[in-house]
Amino acid sequence: EDKVVQSPLSLVVHEGDTVTLNCSYEVTNFRSLLWYKQEKKAPTFLFMLTSSGIEKKSGRLSSILDKKELFSILNITATQTGDSAIYLCAVGDAGGTSYGKLTFGQGTILTVHP
Amino acid sequence: DTEVTQTPKHLVMGMTNKKSLKCEQHMGHRAMYWYKQKAKKPPELMFVYSYEKLSINESVPSRFSPECPNSSLLNLHLHALQPEDSALYLCASSSSSGISSYEQYFGPGTRLTVT
């Protein structure tokens with residue numbers, strides 16, 4: 001069974017701090033790793049990392065994938081109160097009937113204080 | 001603009017009611033998904049449709065019945081639910097081919113309460 005573990009489970013920082021969120025995984029047939037931001041309702045897509053794209057950056061957010069050590073990190077620099085959310089890591093498995101299937105980690109709750 | 005929409009936003013139903021959740025995507029995707037998310041838990045996959053055909057059913061109880069009338073619409077029919085079925089129900093869509101099938105875009109969800 002696929003397994004995705006995120007750490008820390010929660011994190012409290014002040015505006016301007018830099019944070020690093022971690023995601024480790026065990027999957028049978030790895031195809032992709034995704035990061036989502038979830039505020040009140042829908043998870044919002046941030047990045048997808050694959051064998052052909054192991055680093056992504058968008059503004060203050062960046063992410064890397066280490067396929068050898070089976071983990072990914074999401075970095076947020078110069079945090080703002082609007083970054084407060086649950087950050088979800090998900091892994092895509094390509095085996096058999098699980099095509100298109102994502103398995104999510106339990107999420108990291110990030111709180112940014114002014 | 002939200003390109004995946006869901007209705008209703010909130011739904012309260014009794015255990016003997018029949019109701020439906022609706023999802024529509026305007027992204028030209030050919031794969032659509034239903035997820036269930038309990039409070040403080042990650043989303044859990046329920047069903048996957050690809051080209052309007054059911055391709056994955058994650059052993060979901062038969063009181064949940066999905067339907068995909070066309071490539072942009074996805075319904076979830078609910079009947080004889082239990083209080084433990086109360087959750088946020090999320091719809092998502094993606095391309096149905098290759099690595100893009102994992103890049104899923106979510107709707108805002110329907111908050112379901114079963115009384």
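From a predicted model like this one, the values you see are computed outputs, not experimental measurements. All values below come from the heavy atoms of this structure, side chains included, with hydrogens, waters and symmetry mates left out. Proteins get letters first, then strands, A, B, ... in listed order; numbering begins at 1 in each.
- Counting heavy atoms from C-beta on, the side chains of A/Lys101 and B/Val48 never come closer than 4.5 Å.
- Counting only heavy atoms from C-beta outward, the side chains of B/Pro43 and A/Leu88 approach each other to under 4.5 Å.
- Here the closest non-hydrogen pair linking A/Gly105 and B/Pro42 is O-CB, 3.0 Å.
- A/Phe104 and A/Leu21 are not part of a single hydrophobic cluster, where members link through side-chain heavy atoms under 4.5 Å apart.
- Of all the heavy atoms in B/Leu90 and A/Ala42, the pair that sits closest is CD2-CA, 4.2 Å.
- With a 4.5 angstrom heavy-atom cutoff, B/Gln37 touches chain A only via side-chain atoms.
- Remark: B/Lys19 NZ is loosely packed, at most 12 non-hydrogen atoms of other residues, nucleotides or ligands lying under 6.0 Å away.
- Within a 6.0 Å sphere centred on NZ of A/Lys57, heavy atoms belonging to other residues, nucleotides or ligands number more than 12.
- In this structure, B/Ser65 has no side chain to side chain donor-acceptor pair (under 3.5 Å) partners at least two apart in sequence or on a different chain.
- Within 6.0 Å of atom CE in B/Met27, more than 12 heavy atoms from other residues, nucleotides or ligands are found, so the atom counts as buried in its surroundings.
- Note: the hydrophobic cluster containing A/Phe47 also contains A/Ile54 (ILVMFWY, side chain heavy atoms under 4.5 Å, direct or indirect links).
- A tilted orientation is assigned to the rings of B/Tyr105 and A/Phe45, their planes being inclined by 30° to 60°.
- Under the 4.5 Å side-chain criterion, counting only non-hydrogen atoms from C-beta, A/Thr50 is not in contact with B/Tyr102.
- Annotation: side chain to side chain donor-acceptor pair (under 3.5 Å) contacts of A/Asp66 (sequence neighbours excluded): none.
- Every residue two or more places apart in sequence or in another chain that forms a side chain to side chain donor-acceptor pair (under 3.5 Å) with B/His77 is listed here: B/Ser20, B/Glu67.
- Highest contact tally toward chain A, considering only B/Lys40, B/Gln6, B/Glu58, B/Lys41, is held by B/Glu58 [criterion: heavy-atom pairs under 4.5 Å].
- Considering CD of B/Glu44 and OG1 of A/Thr103, their distance stands at 10.0 Å, rounded to 0.5 Å.
- The interface of residues 79-87 of chain B with chain A, defined by heavy-atom distances below 4.5 Å, is empty.
- Put simply, A/Tyr25 and A/Leu34 are part of two different groups of oily side chains (I, L, V, M, F, W, Y) that touch within less than 4.5 Å, one to the next.
- The number of heavy atoms from other shown groups lying within 6.0 Å of CD (A/Gln106) is above 12.
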